[in-house]
Amino acid sequence: MHEQGHRGEERAASPEPAPGVDQPGFLALERELTVLLRRARASQGEMARAVHPDLEPSAYGLLVRLDECGRQRATELAAYIGVGKATMSRQLRALEQLGLVAREPDPADGRAWLIALTGEGQERVRRVREARRARYAGRLADWNPDEVTELARLLNQLNRGMEK
């Protein structure tokens, strides 16, 4: 379905909402995710500053990814984070200058480089992540451990669904 835009050009009509989006469950999901994401953005800034006062909040996720998965190519990191090559290069240069990551030749391809946390980067990320988990444990102390596990399972399922 197309509509006429101004000056006569054709444009696609706004899609009709999917059936069921006005159900109370989806309305509640939207509201709660909005609150969660707002808090997560604020928390990411705090965690980035705890790793290094000059660290951009958006770079914190790169450090966590390297901590969890080990060394990776910049292209893999860019795909995971969802940014372009130029943005990734800029962030990696900043992380190198802060002494948190280092580049090393990829043994599988001499033309490529792998990005890895430095010893200093590993230590700083470890401390911040441990403190974050301790905060979660404190704030969820009145939850049953099975509820925490179920929440983690559901969030994982949501994240996998969002990748589609």
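Along the sequence shown, residues are numbered consecutively beginning with 1.
For Glu130, the CD atom counts as densely surrounded, since its 6.0 Å shell holds more than 12 non-hydrogen atoms of other residues, nucleotides or ligands. The 12-atom threshold is not exceeded at CZ of Arg139, counting heavy atoms of other residues, nucleotides or ligands nearer than 6.0 Å.
Between the CZ atom in Arg31 and the CG atom in Leu29 there is a gap of 9.5 Å [rounded to 0.5 Å]. Here the straight-line distance linking atom CH2 of Trp143 with atom OG1 of Thr149 works out to 11.0 Å at 0.5 Å rounding. Atom CD in Glu96 sits 4.0 Å away from atom CZ in Arg103 (nearest 0.5 Å). In this structure, Leu140 CG and Asp142 CG are separated by 7.5 Å, a value rounded to the nearest 0.5 Å.
Considering only heavy atoms from C-beta on, Leu114 stays 4.5 Å or farther from Gln72 through its side chain. No side-chain heavy atom of Leu27 sits less than 4.5 Å from a side-chain heavy atom of Gln23. With contacts defined as side-chain heavy-atom distances shorter than 4.5 Å, the pair Ile81/Thr87 does not qualify. For the pair Glu56 and Arg90, the minimum side-chain heavy-atom distance is below 4.5 Å. With contacts defined as side-chain heavy-atom distances shorter than 4.5 Å, the pair Gln91/Leu62 qualifies. With a 4.5 Å cut-off on side-chain heavy atoms, Arg73 and Ile115 do not count as touching. Side chains of Asn156 and Arg160 form a contact here, defined as non-hydrogen atoms less than 4.5 Å apart.
Of all non-hydrogen atoms in Gln44 and Gly61, the two that sit nearest each other are NE2-N, 4.0 Å. The two residues Ala48 and Pro57 have their closest heavy-atom pair at CB-CA, 3.7 Å. Between Glu104 and Ala116, the shortest heavy-atom distance links the atoms OE1-CB, 4.0 Å. Looking at every heavy atom in both residues, Ala78 comes nearest to Gly84 through CB-O, 4.3 Å.
Cluster partners of Val35 are absent, since no Ile, Leu, Val, Met, Phe, Trp or Tyr has side-chain heavy atoms less than 4.5 Å from it.
Cluster annotation: Leu117 and Trp113 are assigned to distinct hydrophobic clusters (Ile/Leu/Val/Met/Phe/Trp/Tyr, side-chain heavy-atom contacts under 4.5 Å, transitive). Residues Leu154 and Leu33 fall into different hydrophobic clusters, defined by Ile, Leu, Val, Met, Phe, Trp and Tyr side chains chained together at heavy-atom separations under 4.5 Å. One hydrophobic cluster, built from ILVMFWY side chains closer than 4.5 Å, holds both Leu55 and Val83. No single ILVMFWY cluster, assembled from side-chain heavy atoms under 4.5 Å apart, contains both Tyr80 and Leu155. Cluster membership for Leu36 and Tyr136, using ILVMFWY side-chain heavy atoms within less than 4.5 angstrom, is not shared.
Salt-bridge formation is not detected for the pair Asp67/Arg126: no Lys NZ or Arg NE/NH1/NH2 atom is positioned less than 4.0 Å from an Asp or Glu carboxylate oxygen. For the pair Glu150 and Arg153, the salt-bridge criterion is met [side-chain N within less than 4.0 Å of a carboxylate O].
Using a distance-only test at 3.5 Å, with no hydrogens or angles considered, a donor-acceptor pair links the side chain of Thr118 to the main chain of Gly99. The backbone N or O of Arg39 sits nowhere less than 3.5 Å from a side-chain atom of Ser43 that would complete a donor-acceptor pair.
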Please evaluate residues Glu46 and Arg49 with respect to the criterion salt bridge (charged side-chain N to carboxylate O under 4.0 Å, His left out), reporting the C-alpha separation (whole Å), side-chain torsions for both, the decisive distance (0.1 Å), and the verdict. CA-CA 5 Å; Glu46 292 171 15; Arg49 285 186 298 280; 5.3 Å; no

Test log, rule salt bridge (charged side-chain N to carboxylate O under 4.0 Å, His left out), inputs Arg129 and Glu68: CA-CA 11 Å; Arg129 293 187 77 196; Glu68 290 180 347; 2.6 Å; yes

